[in-house]
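In each ligand, atom 1 is the first atom listed, and ligand 1 is the first ligand listed.
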Amino acid sequence: MEFIDLKEQYRALQPSIDARMKKVLDHGQYIMGPEVAELELKLAAYTGSKHCITCSSGTEALLMSMMALGIGPGDEVITTPFTFAATAEMIVLLGAKPVFVDIELDTCNIDVSLIEAKITPRTRAIMPVSLYGQVADMDEINAIAARHGNIPVIEDAAQSFGADYKGRKSCNLSTFGCTSFFPSKPLGCYGDGGAIFTNDDVLAKACREIRVHGQSARYVHTRVGLGGRMDTLQCAIVLAKLEQFEWEVGKRVEIGGLYNATLKKLGISAVSQKADRNSVFAQYTVLVDDRDMVQGRLKEAGIPTAVHYPIPLNLQPAYAQLCCADCTPKASQAARKVMSLPMHPYLDESTLARITSALASAVA
Ligand SMILES: *Cc1c(COP(=O)(O)O)cnc(C)c1O
């Protein structure tokens, strides 16, 4: 059993992926070829965003969007400690300080009621993460940002491309939405890739320049940038996968719903889903006591699991000096309890039944 079955997905989409790749190999425009602009137009249309700027990874998307905002030394960015390292890492890389706000234990997303108290004159952005594929409380976050002089809001949507929020799409809910096409994300390529979404013309232009070493025209370096392009082949692969993506999102929602219903009957608690939004279930995550034991028993039963994430960022050696150890107790609690189960659109019902019954006996 695979935790995420990318080979099965390739089997299902092979003719279209192969044809798309062949086309790129034939035209030979490996950097900034026509598939890059084609993908950007399609992704912008999908999310409803005015601009999409593809880039080399989700990490780079976060970095470039903060560079476009001019974030640097002395600035603070409010974020969550219960996320993949890239979120806080890019803030620190720019010389700014991540200000960690605790999470809600039921969704594992940032607790919006705690944000306002952390705003200072140095706050230059708020960066919620739409964890496990479920969008954070973006309207409330945007309202707080607006009340404090329109602080830019960057959604780390690396796990939530395709998710709905009150009838709108993740990535198009704030100043910036940043996603990742890492192979295991809901919309993945076959290497590294990512995208930035914004409705702001000035910020979009800045991101496009930053992506190519700050060039506003060939060999005219208007600003300091980096080499942050997504390559043409990866864009071609995402274009092929996009054709099947709505079906895959539907399957993820369906499988997530089946997991929810079955685990509820078994009395096993899972990350809860809010009624006004649809998760894309980048992960299906349960909360268990004695996780090591449960994981060990599932492993014996041939069921792969993963932990996202075992250590909150404020307790990681690289970031520990930035935050007191006990100021985000719910993140610490979640880190001890979370365990993700196999989740991908090609998971069939009998496999799902095997997983849930093995889990039931593992926790018994
Ligand atoms: C995957 C991920 C990233 C980084 O994306 P890459 O494409 O791997 O660089 C950033 N934030 C979160 C929450 C992620 O899950």
D348 and S350: side chain donor to acceptor below 3.5 Å: yes
Closest contact, heavy atoms only, R252 versus V280: CD-O, 2.9 Å
For K50, the option from D201, D200, N172 that meets side-chain hydrogen bond (donor to acceptor under 3.5 Å, both in side chains): D201
Partners passing side-chain contact (heavy atoms from CB on, under 4.5 Å) against H221 (at least two apart in sequence or in another chain): H213, Q215, Y219
Between ligand 1 and the protein, tabulate every N or O atom pair separated by less than 3.5 Å, reporting distance only.
unit_1	atom_1	unit_2	atom_2	d
ligand 1	5 (O)	S180	OG	3.4
ligand 1	7 (O)	G58	N	2.8
ligand 1	7 (O)	S180	OG	2.6
ligand 1	9 (O)	G58	N	3.4
ligand 1	9 (O)	T59	N	2.9
ligand 1	9 (O)	T59	OG1	2.5
ligand 1	11 (N)	D156	OD1	3.3
ligand 1	11 (N)	D156	OD2	2.8
ligand 1	15 (O)	Q159	NE2	2.8
ligand 1	15 (O)	K185	NZ	2.7

Among K241, Q244, H344, side-chain hydrogen bond (donor to acceptor under 3.5 Å, both in side chains) partner for Q9: K241
Minimum-distance pair of heavy atoms, taken over all atoms of L313 and A85: CD2-CA, 3.7 Å
